[in-house]
Amino acid sequence: MEYYEYASFPENFLWGGSTSAYQVEGAYNEDGKGLSVQDTKEVNTEITDFKVASDHYHHYKEDIALFAEMGFKAYRFSIAWTRIIPNGTGEINEKGIEFYSNIIDECLKYGIEPIVTMYHFDLPDVLNKLGGWSVPETSAAFVEYGRILFEHLGDKVNYWLTINEQNMMILHGSAIGTANDKASNVKKDLYQQNHYMLVAQSKVMKMCHDMCPHAKIGPAPNISEVYPETADPKDFIAAQNLNAIRNWLYLDVAVYGRYNPIALAYLKDRGYAPEITEEDLEVFKSGKPDFIAFNYYNTSTAAHSSFKDKVVGPEDGDQQIELGEKGVYKAVYNQYLERTNFNWEIDPVGFRATLRSVYERYGLPIIITENGLGEFDELTSDKKVHDQYRIDYLKAHISEMKLAISDGVDVFGFCPWSAIDLISTHSGVKKRYGFIYVDRDEFNLKEMNRYKKDSFYWYKQVIEMNGKVL
Ligand code: BGP
């Protein structure tokens, strides 16, 4: 839609940036931290593991000072469960509490709002060995972990995020390292994990409201609107299928307290449906989010699929789009979209579409907790990084977010990925996202000096002008 007059970003819009603990902190076994599944998972030997990362654990003051210089109004980071409770349950590690308390104080010193993710892919390894999310004990352990966070840090935090990209942990669990590949029926097991996470999430949201009435809390899935490949009505049904299974399944439980009917029909038919008790349904009703946070990188495109299909993904076998499923949808590349050097589709207009869909469907305020471009950056001999491609990417996405605001969508913050360079989940150091360059290579840690990229100066201006000039 075009308008005669366009809206501006609201006053107090939370411009910021994002990181996650295991990708940025390093110090994987320091000061009493226990191991998480990210510390113990096997990594491809051509890329670095997460043990040192960007060494934010030792550089956090310098890093947050740089965020403040950029003008950040918010910093979205995650807490490593294993720093707080090294074994997942039981003893609390005071040093871990102290570390996050310091991070929060450092943010508050500069007027930066801390936006805290409770769990970002790094399940305590001890809990994983005891069955991970496949057993209800982990769900209970997460609730107890939440209680400890609210008790020790709750007075200083106004925005909590429960679980990062729960939907990606279910749909791509093996790649992320959170699937139980030994289960007799891996997919059924994943949807049982999903259910336990949803129950834990609702309990934690209720607890947050009870213990920290000043705070707001919400989920943080990865959401992407799904397009039908053509106007063939069968492709439209395929797009609805993927929307239900990829996106709405997760948010419908959080917001409406019930499973999405299309997703549930699919789960039952395939024998993947979790056990859902009456008590669980009560829990879902009692703990609701105040807002929706979501990560957006791109949209998905789906075509009709029948049980007879042999291939349901792209012929080149590339897996940078959804995986496809016989009788549900075929995953296809969108011919209208360009791709990054890592083969991720780029779709700023789809960002507007996704914001509209989420807001129309749930009517809750939205904050974007990830969006950004992973690229091969080059540090020049005079210590500059000319990342105009990142500026172009973010400019296009912010422009579309502004249009979504004109469409009536209530967006209250934008925290792109990533505030500073960190280790990519799948591609090591070489795939960089930050506004700040961290000088290390895949295996040579160097001095870890920080350098401001061109995008740093550009984003600083965007924030200064509250998005009026991009
Ligand atoms: C999201 C995760 C982040 C981050 C990002 C980029 O799914 O929440 O942790 O990794 O994707 O992905 P990648 O690092 O694979 O490029």
Side-chain angles (χ1 to χ4, degrees), residues 17-60 63 75-88 93 95-96 99-100 103 116-129 132-133 145 161 163-166 168-169 172-179 181 220 222 295 342 369-370 372 374 376-377 417-434 436-448 450:
S18 277
T19 62
S20 91
Y22 77 93
Q23 292 172 280
V24 78
E25 284 176 7
Y28 81 108
N29 62 356
E30 273 183 51
D31 290 339
K33 180 179 172 296
L35 299 181
S36 82
V37 294
Q38 300 301 337
D39 300 315
T40 55
K41 89 172 177 197
E42 267 183 47
V43 282
N44 162 350
T45 50
E46 281 159 32
I47 57 171
T48 175
D49 55 29
F50 299 103
K51 294 193 166 67
V52 183
S54 299
D55 201 26
H56 182 63
Y57 191 78
H58 298 111
H59 289 251
Y60 75 90
D63 293 344
Y75 172 39
R76 181 246 183 176
F77 60 91
S78 80
I79 291 188
W81 185 341
T82 50
R83 261 192 219 291
I84 305 290
I85 314 173
N87 294 323
N93 176 31
K95 289 257 182 194
F99 173 65
Y100 292 107
I103 292 241
V116 185
T117 315
M118 300 169 69
Y119 166 53
H120 191 126
F121 298 165
D122 51 356
L123 185 68
D125 195 51
V126 171
L127 293 185
N128 196 42
K129 295 215 165 81
W133 283 104
Y145 163 58
L161 308 172
I163 300 177
N164 179 70
E165 294 197 355
Q166 180 175 329
M168 294 298 107
M169 281 192 275
H172 302 280
S174 297
I176 295 174
T178 48
D181 292 323
N222 175 309
N295 301 346
F342 288 84
T369 38
E370 287 182 34
F376 300 98
D377 289 342
W417 189 263
S418 49
I420 182 168
D421 280 349
L422 38 68
I423 314 297
S424 149
T425 303
H426 310 289
S427 312
V429 169
K430 65 178 183 296
K431 190 182 188 189
R432 294 174 182 267
Y433 283 89
I436 299 162
Y437 187 90
V438 175
D439 192 15
R440 62 159 287 183
D441 290 340
E442 217 65 65
F443 298 106
N444 180 354
L445 298 176
K446 303 193 195 166
E447 302 281 310
M448 293 267 187
R450 274 62 175 150

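If you check the side chains of Y57 and D31, you find a donor sitting under 3.5 Å from an acceptor. Residues Y75 and T19 have side chains that bring a donor and an acceptor to within less than 3.5 angstrom of each other. Judged by distance alone, the side chains of D39 and N29 never bring a donor and an acceptor atom under 3.5 Å apart. In summary, the side chains of T117 and N164 do not present any donor paired with an acceptor at a separation below 3.5 Å, with no hydrogens or angles considered.
Take S174 and apply the side chain to side chain contact (heavy atoms under 4.5 Å, CB included) test, not counting sequence neighbours, and it matches A179, D181. Annotation: ring pair (Phe, Tyr, Trp, His ring centres under 6.0 Å) contacts of Y22 (sequence neighbours excluded): F50.
Between F77 and I103, the closest side-chain pair of non-hydrogen atoms falls below 4.5 Å. Using a 4.5 Å heavy-atom cutoff, the side chains of R450 and S54 are in contact. Taking the side chain as every heavy atom from C-beta outward, V116 and I79 approach each other to under 4.5 Å. Using a 4.5 Å cut-off on side-chain heavy atoms (C-beta onward), S20 and W417 make contact. Counting heavy atoms from C-beta on, the side chains of E370 and R76 come closer than 4.5 Å. For the pair R440/T48, a side-chain contact is recorded, criterion being any heavy-atom separation below 4.5 Å from C-beta on. For the pair H58/M448, no side-chain contact is recorded, criterion being any heavy-atom separation below 4.5 Å from C-beta on. Contact annotation: the side chain of L161 never approaches that of M118 to less than 4.5 Å [non-hydrogen atoms, C-beta and beyond].
For the pair A80 and Y145, the tightest heavy-atom approach, listed with the atom from each and the gap, is C-OH, 4.1 Å. Residues K41 and Q38 approach most closely at NZ-OE1, 3.0 Å, considering heavy atoms. Closest of all the heavy-atom pairs between P86 and G32 is CG-O, 3.3 Å. Closest approach of G26 to A53, counting heavy atoms only: N-CB, 3.6 Å. Contact detail for G88 and W81: the closest heavy-atom pair is O-NE1, 3.1 Å.
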query: F99 and K33: side chain to side chain contact (heavy atoms under 4.5 Å, CB included), yes or no, with the steps?
result: CA-CA 11 Å; F99 173 65; K33 180 179 172 296; over 6 Å; no

message: Pair Y28, D49 - check side chain to side chain contact (heavy atoms under 4.5 Å, CB included), show working.
response: CA-CA 10 Å; Y28 81 108; D49 55 29; over 6 Å; no

- prompt: Going through the distances and angles, do T82 and D122 end up as a side chain to side chain contact (heavy atoms under 4.5 Å, CB included)?
  reply: CA-CA 8 Å; T82 50; D122 51 356; 5.6 Å; no

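D421 contributes no side-chain N or O that, together with a main-chain N or O of R432, makes up a donor-acceptor pair within less than 3.5 Å. A side-chain donor-acceptor contact under 3.5 Å links E442 to the backbone of V429. In this structure a side-chain-to-backbone donor-acceptor pair under 3.5 Å is missing from D441 to F443.
Residue L422 holds its CG atom at 11.5 Å from NZ of K431, rounded to the nearest 0.5 Å. Note that the OG atom of S418 and the CD1 atom of I436 stand 9.0 Å from one another [nearest 0.5 Å].
A salt bridge between R83 and E25 is present, with a side-chain N of the basic residue lying under 4.0 Å from a carboxylate O of the acidic one.
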